[in-house]
Amino acid sequence: MIFLDLLMIIFVLMGCLLISNIISHYIPSIPTALIQVALGVIVALLFSNVTLELKTEWFLLLFVAPLLYNDGRNFPRDQLWNMRMPILGNAIVLVLITTLAGGYFIHWLIPAIPLAAAFALAAILSPTDPVAVNGIAKRIQIPEKILNVVRGESLINDASGLVAFNYAVAAVVTGYFSIKEALIDFSYTFLVGALIGLVVGIILTQIRFSLRRAGIRDVVFHTLLQLLTPFLVYLAAEDLFHASGVIAVVVAGITQALVKDKTETVLAEEQLLTENTWSIVLFILNGIVFLLLGLNIPSTVEASIENESINNWKLIGYAVAIGTAILVIRFIWSHIGAIYEYKKGRDEEKPTLKTSLLSSLTGVRGAVTMAGILSLPFFTKNGELFPERSLLLFLASAVILFTLLVATVFLPLLIDTEETKEEKADSLSFNEAKQKILMASIKQIHREINDKNRTAAYQLIGEYQQLFRQAQLDGNAAKTGNPGYQSEIMKIRLKALSIEEQYIQELHKGNHLDEDMYIGFQTAFIERKRAIHQNMRKGVLYILYRVVHEWRITRKKYRLDKEQFISYIKMRQDVRRNTYQQALIYLKEQAAISHKPDLYYIVSFEYERALNQLKKPVTMDTNKQEEIKDELRSVITETERAEVHHMYEMGEINREQERELRRFINYIESVNLYEQVE
């Protein structure tokens, strides 16, 4: 029964993760983390028996270890080296200041919380969460320098915050605290943990190389071994040497990053599979932590409300006061640090209160804070209940929500939209750049068309048009309130359809079209308009129209003899071909004079593909078709890469976008190659 209950909870959480991603797609203005917290609360309210509690060691092992290992694995050494001082200052000194100042403030504000427990709460509130910030950064242009500092400091402050938290919790549990012993233990756990991470990381790397030399090159096996690495490193540091498993996995991640830099070209297939697998694992881990936050909010609120010694409104006031104090500490530190860097000549930009405020608001708390606070033990060493555990859980959860909400509401207000527009006037968004390379691909296929590859080429154009439309939808979803290209293309399709109608009307007026065929075309035009408006080419109405249309043709087949029927079908195809030609002439004329020719090219390619289908060329062997498509793909892959390089050289995209677009191209190429191997 316990196993079945756990299995059902896992299924519920996975379902919530999928739902959160769907909601985030339609409401990008709300960070995914907030959506996941809300879903967790809803699940907790709907299913009171859904609870998931893990011991401290298990929570740190299952959630914190892989998250921090990945942070270390993706450590942006080149980009952030110049900002090493502010990063280290935020990650170590600011954590220490937040722990001490925040701890004294919490104890002063709520005397019922012992000083050691207050230090523990302040320590676990000190690490920042770049995942939550990235969710906000998707819709507003947070300065890159501030984002880089947040991402860089999160690599180390997760570790330093958790080490400080664990020591403060140990002081509460044992009732014993010594500054001298604390410094010695802190240094031991930090240094030995780093050494263990380095040694075990190197050993595991050598094992992987040895296995490859022995002929064991299965990429799935090596990917699984890399996924197991953070767990092995954490267990080795914690259980064998009683050092910091947190520091160990960070250092092991950095070691893996250094190795990857030298081997990623040789082990490209393994790297591709590993990165894709890690993206899934990280999405699940980060999402579950925020769902657990939501799941625990009702119980912590209930437990805190039942405490008659504290007024309910006071609880909310305490959470707001603590959250504000944490952000104020970060604001003061950021401003003093910025002034110091400016006076030392390390930063050319003069510090402003606005920049420091932006830096403080990006200090959103998230997954690591929740992972740590949920690991609080229930009892102390002498068997007593951990002091104010439910209150600490409530305050940590509330502060996470407070920082998320404050950042969501106030960060967009602080960003200068006019300045952002000027900065991005000549630059493209990722989806716009993707559309541009897909359009270049379609044009290149069009240039390569000849009598031998015509059918395969138009099939390939259809595939790329589908990718183009998906990029349009993604781009429109990222721009709230902006209809984007889709509505413009709809207008062009409708105008091209009106050109077809005019041609049919002229034929009918000149008595070149019989009444039945004229009615058939008019019915088709009505249904095509409806399909364009409602985007229902594959919907019920369009299918119904096709059934009725084919029935009419069949009825005419039985009314006429065979020769007459074939002649009728040929005449109908000729008329359709001519209507398409008229629409194509219009589209090409408009493309020549329009400032957005790509939109007309998209629709004209659709017509050309339809014309090719009407020509009904001789059937080719399927394998031969695929060979031709593969040849075309190799040509357009080079075109795509050249287009990306051109956009980067012209300053239309930044370095990160350039890498993302190359990954997109490599992904399409790898899928095609994988299908061939299969």
Side-chain angles (χ1 to χ4, degrees), residues 442-443 446 449 451 454-455 457-458 461-462 465 469 485-539 541-557 559-560 564-594 596-617:
I442 293 172
K443 288 179 179 178
H446 201 257
I449 291 177
D451 291 337
R454 189 174 300 277
T455 300
Y458 280 112
I461 286 175
Q465 284 177 328
R469 284 192 286 270
Y485 287 140
Q486 200 66 29
S487 62
E488 296 181 56
I489 287 183
M490 184 183 75
K491 291 176 183 177
I492 295 172
R493 288 193 180 113
L494 289 172
K495 181 60 180 175
L497 191 59
S498 71
I499 298 296
E500 292 185 60
E501 282 188 280
Q502 290 174 16
Y503 179 74
I504 294 296
Q505 292 284 357
E506 291 172 3
L507 287 179
H508 185 248
K509 288 178 182 178
N511 296 320
H512 299 299
L513 206 64
D514 66 38
E515 196 65 27
D516 284 342
M517 190 176 291
Y518 174 72
I519 293 172
F521 274 109
Q522 290 300 319
T523 305
F525 289 143
I526 292 170
E527 294 302 327
R528 284 171 65 187
K529 283 180 185 177
R530 187 178 302 172
I532 291 170
H533 278 295
Q534 300 179 3
N535 194 24
M536 292 179 61
R537 283 295 294 222
K538 296 183 180 179
L541 292 177
Y542 187 73
I543 293 172
L544 182 62
Y545 155 69
R546 295 300 303 174
V547 171
V548 173
H549 189 63
E550 294 303 322
W551 176 76
R552 283 177 177 168
I553 293 176
T554 304
R555 186 181 64 176
K556 186 170 283 293
K557 174 182 177 181
R559 286 208 320 233
L560 303 172
Q564 286 179 317
F565 178 72
I566 292 174
S567 176
Y568 177 85
I569 293 297
K570 285 182 177 179
M571 184 174 71
R572 184 167 61 88
Q573 285 187 334
D574 286 340
V575 173
R576 286 175 62 192
R577 190 179 298 113
N578 290 335
T579 59
Y580 290 168
Q581 291 285 8
Q582 294 298 315
L584 262 175
I585 292 170
Y586 162 77
L587 291 169
K588 290 180 178 178
E589 288 175 351
Q590 292 299 311
I593 61 175
S594 173
K596 290 184 178 180
D598 289 352
L599 301 179
Y600 289 92
Y601 286 139
I602 282 291
V603 182
S604 64
F605 291 149
E606 293 173 358
Y607 274 95
E608 287 178 354
R609 188 182 179 201
L611 271 172
N612 183 67
Q613 290 175 345
L614 285 176
K615 291 178 181 177
K616 293 187 176 180

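Please read these numbers as outputs of a predicted model, since none were measured by experiment.
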Residue pair Tyr503 / Val575: nearest heavy atoms and the distance that separates them: CE2-O, 4.3 Å
One should read off an interatomic distance between Lys588 NZ and Gln590 CD, to the nearest 0.5 angstrom, of 14.0 Å
From CD1 (Ile519) to NE2 (His508), nearest 0.5 Å: 7.5 Å
Test salt bridge (Lys or Arg N to Asp or Glu O under 4.0 Å) applied to Lys443 - qualifying residues, sequence neighbours left out: Asp598
Return the minimal non-hydrogen interatomic distance between Ile499 and Gln582, and the atom names on each side. CG2-O, 3.7 Å
Considering only heavy atoms from C-beta outward, does the side chain of Glu589 approach that of Ile585 to under 4.5 Å? yes
What is the distance from atom CZ of Arg576 to atom CD1 of Ile504, rounded to the nearest 0.5 Å? 10.5 Å
Atom OH of Tyr586 and atom CD of Gln502: how far apart are they, to the nearest 0.5 Å? 10.0 Å
Would you check if Asp574 and Arg577 make a side-chain contact, meaning some heavy-atom pair closer than 4.5 Å? yes
Taking all non-hydrogen atoms of both residues, which atom of Ala583 and which atom of Ala496 are closest, and how far apart? CB-O, 3.8 Å
Holding to side chain to side chain donor-acceptor pair (under 3.5 Å), I want the full list of residues that pass it with Gln505, two or more places apart in sequence or in another chain. Tyr518
Are Gln522 and Glu501 close enough that some pair of their side-chain heavy atoms sits under 4.5 Å apart? yes
Note, Ile449 side chain near His446 side chain (heavy atom, < 4.5 Å): yes
